[in-house]
S.K.: 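Input: one structure, supplied below.
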Amino acid sequence: MVTIIYDFETSGLNAFHEDITEIGCRCLDSDDYFTCLVQPLSDRLLSDKNQQITGITNEMLKKEGLRPKEAYQRFFDTLQYYYNIHDELTMIAHNGSSFDDIFLKRIHRYLQGEGIIKYDDMMNKIQFIDSLDVCRLLHPERYSHSMKSMCQTYNIQNEAEHRAMGDVDALHKLWKELLKRISSKYNNTSTKYINYLIYK
């Protein structure tokens with residue numbers, strides 16, 4: 001089983017209507033990673049507030065961003081590479097079930113609409129873990145389980161907060177700490193068992 005930590009930066013907080021502006025992902029057990037800026041699929045400009053929060057500007061996306069179809073295919077090709085080797089894939093994002101996982105599935109539907117169906121088998125078999133739910137399981141005493149709060153708990157420095165790879169690298173470190181706690185407490189860190197713990 002291969003595990004991918006991933007994060008999207010987006011034009012807003014509505015997972016069903018906003019645009020992806022940056023993609024980042026990293027393999028849990030290696031230094032392999034993928035990241036790119038993405039020009040908004042809707043062609044809408046980013047708000048001043050969004051640019052201030054993320055540091056991603058309209059000018060950056062115009063000059064450095066990939067067109068959505070190319071960005072999405074490069075990202076999915078990265079995931080497909082690992083899936084082809086292991087025939088399994090676990091995707092982990094913080095608040096993923098309410099945000100990043102939805103965007104991932106939107107990308108897949110978009111590519112299907114473009115006649116690209118080579119990722120269908122992979123998408124049907126991907127397993128998801130929301131690290132936010134795991135944090136709630138392991139730290140019920142905490143009021144906040146945000147990335148920022150949990151990184152503070154484990155003394156993890158996010159070198160580039162609100163940028164895709166900054167958040168991915170921070171979650172990469174956080175997830176390894178969470179796995180240690182799960183292993184110590186439950187003696188089982190398989191994806192299926194972790195999701196059982198979250199939802200039982």
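Given the structure is predicted, the values throughout are model-derived calculations rather than measurements.
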S.K.: Are any of the side-chain heavy atoms of V38 and L61 separated by less than 4.5 Å?
M.R.: no
S.K.: If you apply the rule salt bridge (charged side-chain N to carboxylate O under 4.0 Å, His left out), what do you find for E161 with K148, and how did you get there?
M.R.: CA-CA 9 Å; E161 193 173 0; K148 184 175 182 179; 5.1 Å; no
S.K.: Between Y6 and H94, does the ring centre distance come in under 6.0 Å?
M.R.: no
S.K.: Between S11 and N50, is the side chain to side chain donor-acceptor pair (under 3.5 Å) condition met? List the steps.
M.R.: CA-CA 7 Å; S11 60; N50 185 274; 6.0 Å; no
S.K.: Just by distance, do the side chain of N158 and the backbone of A170 share a donor-acceptor pair under 3.5 Å?
M.R.: no
S.K.: With a 4.0 Å cut-off, would you call K125 and D120 a salt bridge?
M.R.: no
S.K.: Salt bridge check, R26 against D32: does any charged N sit closer than 4.0 Å to a carboxylate O?
M.R.: no
S.K.: Do E70 and R74 meet the salt-bridge criterion of a basic N to acidic O distance under 4.0 Å?
M.R.: yes
S.K.: Test your reading of the model: is there a side-chain donor-acceptor pair from D7 to the backbone of D167, 3.5 Å cut-off?
M.R.: no
S.K.: To the nearest 0.5 Å, how far apart are CG in N188 and CD1 in I194?
M.R.: 8.0 Å
S.K.: Passes salt bridge (charged side-chain N to carboxylate O under 4.0 Å, His left out), D77 versus K118? Steps please.
M.R.: CA-CA 10 Å; D77 283 344; K118 64 180 180 178; 3.6 Å; yes
S.K.: So, do R181 and Y154 sit near enough that their side-chain heavy atoms are less than 4.5 Å apart?
M.R.: yes
S.K.: Restricting to side chain to side chain contact (heavy atoms under 4.5 Å, CB included), what partner residues turn up for L137, sequence neighbours left out?
M.R.: Y186, L197
S.K.: Ring centroids only, cut at 6.0 angstrom: are Y81 and Y83 within range, meaning strictly under it?
M.R.: no
S.K.: For the backbone of S144 and the side chain of S149, can you confirm whether one donor and one acceptor N or O come within less than 3.5 Å of each other?
M.R.: yes
S.K.: What's the verdict on side chain to side chain donor-acceptor pair (under 3.5 Å) for T90 and T191, showing C-alpha distance, side-chain angles and the deciding distance?
M.R.: CA-CA 7 Å; T90 296; T191 296; 2.8 Å; yes
S.K.: Identify, with sequence neighbours excluded, every residue that meets salt bridge (charged side-chain N to carboxylate O under 4.0 Å, His left out) alongside K49.
M.R.: none
S.K.: With a 4.5 Å heavy-atom cut-off, do I4 and I92 have their side chains touching?
M.R.: no
S.K.: Kindly state whether the ring of F76 and the ring of Y72 have centres lying under 6.0 angstrom apart.
M.R.: no
S.K.: Side chains of I129 and N195: does their closest heavy-atom pair fall under 4.5 Å?
M.R.: yes
S.K.: For Y193 and Y196, I'd like to know if the aromatic rings sit close, meaning centre-to-centre distance below 6.0 Å.
M.R.: yes
S.K.: Using modelled atom types and a 3.5 Å cut-off, is there a donor and acceptor pairing between side-chain atoms of Q112 and backbone atoms of I117?
M.R.: no
S.K.: Roughly how far, to the nearest 0.5 Å, is the SG atom of C27 from the OH atom of Y33?
M.R.: 14.0 Å
S.K.: To the nearest 0.5 Å, how far apart are CD in Q52 and CG in L46?
M.R.: 13.0 Å
S.K.: Check whether any side-chain heavy atom of Q127 sits under 4.5 Å from a side-chain heavy atom of M91, and report yes or no.
M.R.: no
S.K.: State, without any angle test, whether Q80 and N84 hold a side-chain donor-acceptor pair at a distance under 3.5 Å.
M.R.: yes
S.K.: Roughly how far, to the nearest 0.5 Å, is the CD atom of Q39 from the CD1 atom of I20?
M.R.: 13.5 Å
S.K.: Is there a chain of hydrophobic side chains (I, L, V, M, F, W, Y, each step under 4.5 Å between heavy atoms) that links F103 to I126?
M.R.: yes
S.K.: Is there a side-chain contact between Q51 and I56 in this structure, where contact means two heavy atoms from C-beta onward sitting under 4.5 Å apart?
M.R.: no
S.K.: Is any side-chain N of the basic residue among K62 and E59 closer than 4.0 Å to the acidic one's carboxylate O?
M.R.: no
S.K.: Hydrophobic cluster mates of M1, side-chain heavy atoms under 4.5 angstrom, ILVMFWY only, any path?
M.R.: none
S.K.: For a quick test of reading the model, state the closest non-hydrogen atom pair linking L171 to M147 and the distance between them.
M.R.: N-CE, 3.7 Å
S.K.: Any donor-acceptor pair under 3.5 Å linking the side chain of S131 with the backbone of V134?
M.R.: no
S.K.: Can you confirm whether the side chains of T21 and E9 place a donor and an acceptor under 3.5 Å from each other?
M.R.: no
S.K.: Taking the basic N atoms (NZ, or NE/NH1/NH2) and the acidic carboxylate oxygens, is any pair closer than 4.0 Å for E22 and R163?
M.R.: yes
S.K.: Check whether any side-chain heavy atom of F8 lies under 4.5 Å from a side-chain heavy atom of L104, and answer yes or no.
M.R.: yes
S.K.: Do the side chains of M123 and K105 get nearer than 4.5 Å, heavy atoms only?
M.R.: yes
S.K.: Where do H162 and T54 land on the side chain to side chain donor-acceptor pair (under 3.5 Å) test, with the steps shown first?
M.R.: CA-CA 5 Å; H162 298 303; T54 66; over 6 Å; no
S.K.: Quick check against the 3.5 Å criterion: does D130 have a side-chain atom that pairs as donor or acceptor with the backbone of N95?
M.R.: yes
S.K.: Give a yes or no on whether a salt bridge exists between R136 and D133, defined as a side-chain N under 4.0 angstrom from a carboxylate O.
M.R.: yes
S.K.: Under 3.5 Å, side chain of R106 to main-chain N/O of A15, donor-acceptor pair present?
M.R.: yes
